[in-house]
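What's counted below: heavy atoms across the whole structure, side chains too, no hydrogens, waters or symmetry copies. Just so we're clear, the structure is a prediction, and the values are computed from it rather than from any experiment.
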Amino acid sequence: MSEDFAPSSVQGSQVVRTVIGRLRRRILNAAQDEDLTFGQASVLARLSGWQGVTASQLAAAEGVRHQSMTSTLAALAALGLIERNPDPDDGRRVLIGLTTEGLKRVEEGRQARSEWLAGQLQERCTEEERQVVIAAMDVLERLTDD
């Protein structure tokens with residue numbers, strides 16, 4: 001790292017990246033369905049905000065090859081979690097969206113992750129520590145503002 005950074009900036013950067021990475025994995029594991037891979041769960045979550053997208057758009061958004069996305073979508077379709085419909089504007093394209101069951105699974109996963117994190121904060125932290133976490137998130141939120 002550059003010598004222009006304060007030591008606390010360097011240390012803060014390392015700690016935040018490490019802790020957020022581990023916390024993200026723990027949160028994802030809290031709601032992981034045994035019959036879904038992380039990639040499949042990620043596609044379901046993305047589709048909850050993007051009804052009617054193509055496999056190519058999903059592949060680009062997820063950072064995977066089109067072939068990998070096709071395989072992921074086939075597995076999700078076999079589970080009845082997604083549906084494919086012809087694009088009304090271009091009959092050559094197929095649009096992918098969540099089924100009612102797929103939307104239910106996404107919502108259940110979000111609820112499970114939220115409950116896990118709230119439970120961890122309740123069990124492992126004092127009220128004062130929870131307030132520190134809330135204040136720290138306000139500081140980190142500023143880093144995401146453009």
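- Inter-residue side-chain proximity for Leu143 and Leu140 is flagged as met; some heavy-atom pair is nearer than 4.5 Å.
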Residues 75-88 side chain polar contacts: donor-acceptor under 3.5 Å, at least two apart:
from  : atom 1 : to    : atom 2 : distance (Å)
Asp87 : OD1    : Asp89 : N      : 2.8
Asp87 : OD2    : Arg93 : NE     : 3.0
Asp87 : OD2    : Arg93 : NH2    : 2.9

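- Remark: Asp138 pairs with no residue by the side-chain hydrogen bond (donor to acceptor under 3.5 Å, both in side chains) rule, at least two apart or across chains.
- Arg92 is linked by a side chain to side chain contact (heavy atoms under 4.5 Å, CB included) to Asp90, counting only residues two or more places apart in sequence or in another chain.
- Atom CD of Gln131 sits in a crowded spot, with more than 12 heavy atoms from other residues, nucleotides or ligands closer than 6.0 Å.
- Looking at residues two or more places apart in sequence or on another chain, you find no side-chain hydrogen bond (donor to acceptor under 3.5 Å, both in side chains) involving Asn29.
- Gln40 is not listed as a side-chain neighbour of Leu44, based on a closest heavy-atom distance of 4.5 Å or more.
- Every residue meeting the salt bridge (charged side-chain N to carboxylate O under 4.0 Å, His left out) condition with Glu62, not counting sequence neighbours, appears here in chain and number order: Arg46.
- Scanning for side chain to side chain contact (heavy atoms under 4.5 Å, CB included) contacts around Thr100 gives an empty result, with sequence neighbours left out.
- Applying the side-chain hydrogen bond (donor to acceptor under 3.5 Å, both in side chains) test to Arg26 and every residue at least two apart in sequence or in another chain returns nothing.
- Through direct or indirect side-chain contacts shorter than 4.5 Å among Ile, Leu, Val, Met, Phe, Trp and Tyr, Val15 is connected to Val19.
- Qualifying side chain to side chain contact (heavy atoms under 4.5 Å, CB included) partners for Ser71, counting only residues two or more places apart in sequence or in other chains: none.
- With sequence neighbours left out, the side-chain hydrogen bond (donor to acceptor under 3.5 Å, both in side chains) criterion links Arg130 to Glu127.
- Under the side chain to side chain contact (heavy atoms under 4.5 Å, CB included) criterion, Ala59 pairs with Val64, Met69, not counting sequence neighbours.
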Listing, residues 104-114 side-chain donor-acceptor contacts under 3.5 Å, not counting sequence neighbours, or none:
from   : atom 1 : to     : atom 2 : distance (Å)
Arg105 : NE     : Asp33  : OD2    : 3.0
Arg105 : NH2    : Asp33  : OD2    : 3.1
Arg105 : NH2    : Asp35  : OD1    : 2.7
Arg105 : NH2    : Asp35  : OD2    : 3.3
Arg110 : NH2    : Ser48  : OG     : 2.7
Gln111 : NE2    : Glu115 : OE2    : 2.6
Arg113 : NH1    : Gly109 : O      : 3.3

